[in-house]
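Let me begin by presenting the structure, written as structure tokens, before commenting on it.
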Amino acid sequence: MDPIRVIRGMRDLLPEQTRWWRWMEQRLDGVMDRYGYAEIRTPVLEHTGLFARSIGQETDIVAKEMYTFADRDGSSLSLRPEGTAAVVRSFIENNLGKKEPLHRLFYRGPMFRHERPQKGRYRQFYQLGAELFGSAHPSADVEIIEVAVGCLQAIGLTDFSLELNTQGCPVCRPGYREQLTAYLREHERQLCTDCRRRLASNPLRVLDCKQAACTAVAEAAPHLLDHACDDCRQQFDQVRAGLEKLGIGGRLNHRMVRGLDYYNRTTFELLAAGLGAQNAVAGGGRYDGLVESMGGIPTPAVGFAAGLDRIVLLLEQQVAEPERPPLLFIAAQPGYWLETLPLLQQLRQAGFTAVNDVRQGSFKSQLKRADRLGARLVLLLGQDEIEQGTVTIKDMQAPSDSERKQWQVERGGLLQEIGGFLER
RNA sequence: GUGAGUGUAGCUCAAUGGUAGAGCACUGGACUGUGGAUCCAGAUGUUGUGGGUUCGAUCCCCAUCACUCACCCCA
């Protein structure tokens, strides 16, 4: 019988990996706490229309990458391909904006996109995102970027860069779009076939094409910032000033384009090397019109999302392994396993990590097991110890000729002895 | 959706048109209460799957599936 396997693009995270994940998640949660962001949890499944309306019917994400299927009553459901849409839905549905104009929310969890998997890209992937609702002030943009940067810093990543751009607003973007399109049409012959297609569907996309020929055209293309309205320009200047004040800086990238339709004004990405063909670990921006367009009261908002799978990839390359708590192992001479039970119980109640060899083989094989598990101390329990009411403590890291390799202690003083030993 | 590469033991990988081998890991022993070093012994494979060529295929051919990487797109 053929064993059933995981679905393509999805994977099991085994203990070797979850060590990293748990360590990372703990720290990221800490960042959210310190910036005053509260967690929101929404379902992984939503009505398909939510994503079509918020992300954009024409985007690749919606047009060809969603896991969409019919519910039993025939209605169309989709696994969420990103987090913002559902948070906005919930924000509106629960009248959060009416109760209190300002909200700092974060979420963390699996997202789903039916793409061909490759390094740093999976069909089930994980994102951490933060959304700041209720402020159009550049201070909010700065805060969101600061949180995103703070997340990477909190887990020890230093080798990344920030890129910034503005997408304009409904006042200035249409005019820019026309100018860009006109410019691109003039140079249509130099563009790759994909970009000629994009010219019609999404001219902005031509700007971040990686083909050399298109890059040359894009380099000389008109910049949105030069055509932005005064409000947008001022906003962007102030965001940059705020980032300077924080020492974050960031590089202006006129050619940065976002994959989702709802962004306006400030957009940004955090980029890193070592992710294969991918380089983005986090991205975000302002989306002032989204809440209203989804049926809520007009509410300016900024947010970002970070790809946790990619961040773990970087962690494994750049950061020292997270430490494990010291492991205590109880080895009992054959026949004395019952005596280990209260001892284990006692150790765990005192907060230690303690295990035994549940196979209870030979004394020797138990020691081998302890070694394999990386035990810091082994507590030996045999006939002598039981008759004397003692336990022998064995230091697994001491050299074999050490005088303090192993020693006996009274049962009553065991916890204190272990505690003292591990303190050093 | 498109392209390329790779599928052999738990892992990393050899090998040859004549029914597969190493290292590591595992289990046991040398050491009847002591891990890490050494030595000895043991267990493990439908060579991804299906078909074709052949007296004979793990090897050659075709198909298929899976994985990996890249394109598209994106976190």
Side-chain angles (χ1 to χ4, degrees), chain A residues 1-3 5-9 11 55 58-65 81-84 108 110-129 148 151-152 160 192-195 197-198 201-202 205 208-211 256-260 268-272 275-285 303-314 329 331-336 357 359 361-386 392-400 405-406 408:
Chain A
M1 172 121 53
D2 286 344
R5 284 191 280 200
V6 269
I7 296 168
R8 185 203 297 274
R11 66 227 169 101
I55 298 168
E58 302 306 319
T59 60
D60 275 27
I61 292 177
V62 170
K64 53 187 205 190
E65 292 175 359
E82 59 100 49
T84 300
R108 193 180 69 206
M111 307 294 162
F112 303 84
R113 292 183 198 171
H114 194 109
E115 303 175 278
R116 198 65 172 256
Q118 67 188 67
K119 192 178 178 75
R121 165 188 290 170
Y122 309 95
R123 288 185 175 180
Q124 176 172 335
F125 60 104
Y126 295 82
Q127 288 189 334
L128 170 82
C151 282
L152 299 194
F160 61 89
C192 68
T193 50
D194 281 330
C195 281
R197 180 175 51 74
R198 289 185 187 115
S201 60
N202 189 358
R205 274 265 156 243
D208 73 346
C209 180
K210 285 161 198 135
Q211 298 285 330
M256 189 175 79
V257 177
R258 304 263 66 211
L260 299 87
F268 67 97
E269 283 181 354
L270 293 175
L271 308 175
L275 299 167
Q278 268 64 240
N279 63 358
V281 285
F304 83 95
L308 299 183
D309 308 78
R310 293 180 184 179
I311 288 175
V312 169
L313 227 42
L314 295 178
F329 188 101
Q333 210 180 344
Y336 292 97
D357 184 344
R359 292 185 301 187
S362 68
F363 204 58
K364 185 188 182 68
S365 72
Q366 291 183 51
L367 263 299
K368 268 190 168 173
R369 179 111 265 114
D371 186 45
R372 262 188 69 72
L373 292 174
R376 184 68 188 82
L377 293 177
V378 173
L379 308 184
L380 301 167
L381 211 54
Q383 191 173 1
D384 296 349
E385 285 81 359
I386 286 165
T392 297
I393 299 176
K394 182 180 174 69
D395 177 359
M396 295 296 276
Q397 281 173 15
S400 48
K405 180 77 185 154
Q406 68 181 58
Q408 259 179 307

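In what follows, every heavy atom counts, from backbone to side chain, and hydrogens, waters and symmetry copies are set aside. Proteins come first, then strands; the chains are lettered A, B, ... in the order of their sequence lines, and each starts at number 1.
- Among the heavy atoms of the strands, none lies under 4.0 Å from Glu82(A).
- Judged by Watson-Crick or G-U wobble contacts below 3.5 Å, the nucleotide C31(B) has no partner.
- If you take CZ of Arg310(A) and P of C69(B), they are 12 Å apart, rounded to a whole angstrom.
- Atom CG of Leu313(A) and atom C1' of C69(B) are 13 Å apart (whole Å).
- Remark: G36(B) base-pairs with no nucleotide in the shown strands. Criterion, Watson-Crick or G-U wobble with two distances under 3.5 Å.
- Spacing between G50(B) and C65(B) at atom P, rounded to whole Å, works out to 15 Å.
- Between Arg359(A) and U27(B) there is a side-chain N or O to OP1 or OP2 distance below 4.0 Å.
- We find that CZ of Arg116(A) is positioned 12 Å from P of C69(B), with the value rounded to whole Å.
- Of the side-chain N and O atoms in Gln118(A), one or more sit less than 4.0 angstrom from OP1 or OP2 of C71(B).
- Gln406(A) and Thr392(A) form no side-chain donor-acceptor contact under 3.5 Å, judged by distance and modelled atom types alone.
- Using a 4.5 Å heavy-atom cutoff, the side chains of Asp309(A) and Arg11(A) are in contact.
- Using a 4.0 Å heavy-atom distance criterion, Arg8(A) is classed as a sugar-phosphate-only contact.
- Closest approach of Tyr122(A) to Gly9(A), counting heavy atoms only: CB-O, 3.2 Å.
- Of all nucleotides listed (U27(B), A75(B), U34(B)), A75(B) comes nearest to the side chain of Gln127(A).
- Closest non-hydrogen pair, Leu367(A) versus Met396(A), comes out as O-CE, 4.3 Å.
- Nucleic acid contact class of Gln383(A) (heavy atoms, under 4.0 Å, all strands): base.
- Across Thr59(A), Leu260(A), Ile55(A), Asp60(A), a single residue satisfies side-chain contact (heavy atoms from CB on, under 4.5 Å) together with Pro81(A), and that is Ile55(A).
- Taking atom NE2 of His114(A) as the reference point, atom P of A75(B) lies 18 Å away to the nearest angstrom.
- Among C74(B), G33(B), C31(B), the nucleotide with an atom closest to any side-chain atom of Lys364(A) is C31(B).
- Ala370(A) comes within contact range of no nucleotide atom at all, as no heavy-atom separation falls under 4.0 Å.
- Within the structure, every side-chain polar atom (N or O) of Arg5(A) is placed at least 4.0 Å from both OP1 and OP2 of C65(B).
- Across the C1' atoms, A57(B) and A20(B) are found 13 Å apart, a figure rounded to whole Å.
- At the heavy-atom level, Leu380(A) lies under 4.0 Å from base atoms of the strands shown.
- With rounding to whole Å, Leu367(A) atom CG is found 10 Å from G36(B) atom C1'.
- Using atom P as the reference point in both G5(B) and A25(B), the two lie 35 Å apart (nearest Å).
- Comparing the same atom, P, in U6(B) and in U46(B) gives a spacing of 23 Å after rounding to whole Å.
- Where Glu65(A) and Gln397(A) meet RNA chain B, the nucleotide closest to each residue was compared, and Gln397(A) sits on the side nearer the 5' end.
- Residues Val6(A) and Tyr122(A) each lie close to RNA chain B; by heavy-atom proximity, the contact nearer the 5' end of the strand is made by Val6(A).
- Across A66(B) and C60(B), the matching C1' atoms stand 23 Å from one another, rounded to whole Å.
- Base pairing of U68(B): its partner is A4(B), meeting the Watson-Crick or G-U wobble criterion (both donor-acceptor distances under 3.5 Å).
- Ala272(A) comes within 4.0 angstrom of nothing in the nucleic acid, heavy atoms only.
- Distance noted for atom C1' between U8(B) and U2(B): 30 Å (whole Å).
- C74(B) sits 34 Å from A63(B) when the P atoms are compared, rounded to a whole Å.
- When the P atom of C69(B) is taken as reference, atom CD of Gln278(A) falls 10 Å away, rounded to whole Å.
- Among the protein residues, Ala277(A) comes within range of the sugar-phosphate backbone only, with heavy atoms under 4.0 Å from sugar or phosphate atoms but none that close to a base.
- Between the side chain of Gln406(A) and the base of G33(B), no donor-acceptor pair under 3.5 Å is found.
- Using N1 to N3 plus N6-O4 or O6-N4 for Watson-Crick, or N1-O2 and O6-N3 for G-U wobble, each under 3.5 Å, A20(B) pairs with nothing.
- Using Watson-Crick or G-U wobble geometry with both donor-acceptor distances under 3.5 Å, A43(B) finds no partner in any strand shown.
- Taking atom P on both A15(B) and G7(B), the two are 11 Å apart, rounded to the nearest angstrom.
- A75(B) atom P lies 17 Å from atom CD of Gln124(A), rounded to whole Å.
- The nearest pair of heavy atoms linking Ala280(A) to Leu271(A) is CA-CD2, 3.8 Å.
- Contacts of Arg369(A) with the nucleic acid, taken as non-hydrogen atoms under 4.0 Å apart, involve only primed sugar atoms and P, OP1 or OP2.
- Closest of all the heavy-atom pairs between Phe363(A) and Leu381(A) is CE1-O, 4.4 Å.
- Every residue two or more places apart in sequence or in another chain was checked for a ring-ring contact (aromatic ring centres under 6.0 Å, His included) with Phe160(A), and none qualifies.
- Using a 4.0 Å heavy-atom cutoff across all strands shown, Lys119(A) reaches sugar-phosphate atoms only and no base atom.
- For U49(B), the paired base is A63(B) (Watson-Crick or G-U wobble, both distances below 3.5 Å).
- Remark: P of A75(B) and CZ of Arg108(A) are 20 Å apart, rounded to the nearest angstrom.
- Residue contacts shown for Gly276(A) are limited to sugar-phosphate atoms, with no base heavy atom under 4.0 Å away.
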